[in-house]
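Just so it is clear, the model here is predicted, and its values are computed rather than measured. In what follows, every heavy atom counts, from backbone to side chain, and hydrogens, waters and symmetry copies are set aside. Within every chain, numbering begins at 1; the chains are lettered A, B, ... in the order of the sequence lines, protein sequences first and strands thereafter.
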Number of protein chains: 2
Amino acid sequence: MTGISGLSAKERAYRDTKARILDGSLPGGDLITEGQVADTLAMSRTPVREAFLRLEAEGLLRLFPKRGALVVAVSPSEVEAVLEARELVEGHALTKLCAAPEADRAVVAGALHAVLDIQRAALAAGDEQAFAEADRRFHITLVESVHNPILLELYASLRDRQLRMNLGSLEKGPTRPQAILAQHEAIVDALGIGDAEQARARLRVHLDATRVSVVGR
Amino acid sequence: MTGISGLSAKERAYRDTKARILDGSLPGGDLITEGQVADTLAMSRTPVREAFLRLEAEGLLRLFPKRGALVVAVSPSEVEAVLEARELVEGHALTKLCAAPEADRAVVAGALHAVLDIQRAALAAGDEQAFAEADRRFHITLVESVHNPILLELYASLRDRQLRMNLGSLEKGPTRPQAILAQHEAIVDALGIGDAEQARARLRVHLDATRVSVVGR
DNA sequence: TCGATGCATCTTGTATGCATCATGTGTCCG
DNA sequence: CGGACACATGATGCATACAAGATGCATCGA
């Protein structure tokens with residue numbers, strides 16, 4: 001029935017719409033309807049409807065009864081909320097790692113180092129795509145080390161939201177990537193010696209820099 | 001057209017099913033179908049389907065394509081995950097409050113004291129229902145003080161899951177409520193003097209006691 | 001007897017139709 | 001000229017219909 005793709009219609013509607021929101025083709029403040037998306041994707045309204053519900057749960061859409069779906073605009077307060085939650089979750093990961101047996105910490109630190117190598121290479125090669133992916137991987141790896149599905153899922157949703165904020169933001173400037181990499185390295189260094197306070201402080205620095213880059217102050 | 005209730009069919013399906021999962025009428029491991037629920041509530045499958053999707057997102061159901069919906073059984077690891085997340089969020093609230101201006105802290109402390117009064121009265125009256133509601137109110141008030149919608153929503157979902165764990169647990173014992181109340185009071189006391197470390201430690205005690213009550217160890 | 005196959009049945013996935021509700025507009029009345 | 005009302009329009013909410021996948025069981029063959 002879908003014919004082309006092996007994915008269900010619901011999944012296609014979800015991914016397509018989400019992608020269009022995240023990459024900015026559907027700007028915040030836009031009002032879209034089930035019918036529009038259904039027509040575009042050549043499917044009925046039913047799967048689109050389910051995709052919309054999911055996107056609303058993720059905070060990307062806001063549904064208005066009988067009126068349409070509003071693409072939620074990124075507000076400064078949302079930026080704050082996302083960053084606060086990120087600091088909480090990632091900071092927890094750092095603390096927990098530093099309190100964990102040496103061996104466990106070493107494993108994660110090793111994984112993080114590997115990611116940093118990739119990120120360094122991406123920076124040298126000027127591959128923004130790979131750099132962003134490595135950045136994502138870095139933070140995900142950190143949060144995964146907590147082994148808590150609930151926190152991991154929350155974090156994934158936070159990353160998605162942040163993605164959208166980044167592109168709304170000012171140009172990152174050519175020095176941003178280097179700064180990001182340096183901040184990552186600083187965090188891993190603190191982690192390497194098991195200094196939780198230091199690691200958290202550096203995480204805070206990293207997220208503050210992110211905030212500045214996003215809200216411009 | 002449902003006529004009777006002012007709620008939408010989707011909302012009724014969601015609340016009813018959720019309630020039946022949380023109160024144990026639908027035990028973990030059960031396989032339910034959209035049709036069953038739709039018949040029971042005298043509505044079509046469509047709104048039930050949407051309710052199921054929502055419940056899956058909350059971690060209460062797990063949907064299997066073309067097979068049905070599994071009521072997720074509470075696992076020990078889920079208990080750990082929920083409690084870890086709760087400690088993280090509530091602990092953050094305590095820390096943030098202690099770092100906030102005296103006035104802000106006093107406002108929240110006042111609200112918490114008010115809730116404790118209610119809880120004390122409920123305990124004296126032997127009103128379990130009211131006691132549980134006050135307990136819920138206590139923790140929600142704490143988390144609300146963070147003013148972060150993302151964390152608040154996460155917390156709400158955590159509380160729901162915990163609800164279900166409690167009833168699967170051993171009898172609470174007549175002394176449990178008193179212990180809970182005492183632990184709450186201890187937390188608020190530490191908060192009153194702005195001692196974040198102390199408050200967090202007491203929160204940890206409280207949640208540990210909860211874990212013992214739930215998993216029995 | 002045991003395993004493979006085909007079918008009946010059940011459930012979901014999607015499409016479609018209709019009723020309802022919200023909104024904007026044009027007209028009529030003051 | 002201004003405001004209220006009736007209606008056209010468009011969207012969702014829900015019901016229903018149908019197709020397709022998954023499962024269990026009976027049946028058949030070795």
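- Taking every side-chain heavy atom of B/R67 into account, D/dT23 is the closest of C/dC18, C/dT14, D/dT23.
- Per the geometry, CE belonging to B/M43 stands 20 Å off P belonging to C/dA19, to the nearest Å.
- Straight-line distance from the CG atom of B/L61 to the P atom of C/dT11: 15 Å, rounded to whole Å.
- Following rounding to the nearest Å, A/E50 (CD) and D/dT12 (C1') show an atom-to-atom distance of 15 Å.
- In this model, the phosphate group of D/dC14 is not approached by any side-chain N or O of B/T46 to a distance below 4.0 Å at OP1 or OP2.
- Closest to the A/K10 side chain, of the nucleotides D/dT12, C/dT14, D/dA15, is C/dT14.
- Ring pair B/H139/B/H206 is parallel by interplanar angle, where below 30° counts as parallel and above 60° as perpendicular.
- Here the nucleotide nearest the side chain of B/T33, chosen from C/dT11, C/dT14, C/dA15, is C/dT11.
- Between A/R20 and A/D16 a salt bridge is recorded (basic side-chain N to carboxylate O distance below 4.0 Å).
- The base of C/dT20 sits with one of its N or O atoms less than 3.5 Å from a complementary donor or acceptor on the side chain of A/K66.
- Taking atom CZ of B/R49 as the reference point, atom P of D/dT16 lies 17 Å away to the nearest angstrom.
- Counting only heavy atoms from C-beta on, B/E34 has its side chain closest to C/dG13 among C/dT16, D/dA15, C/dG13.
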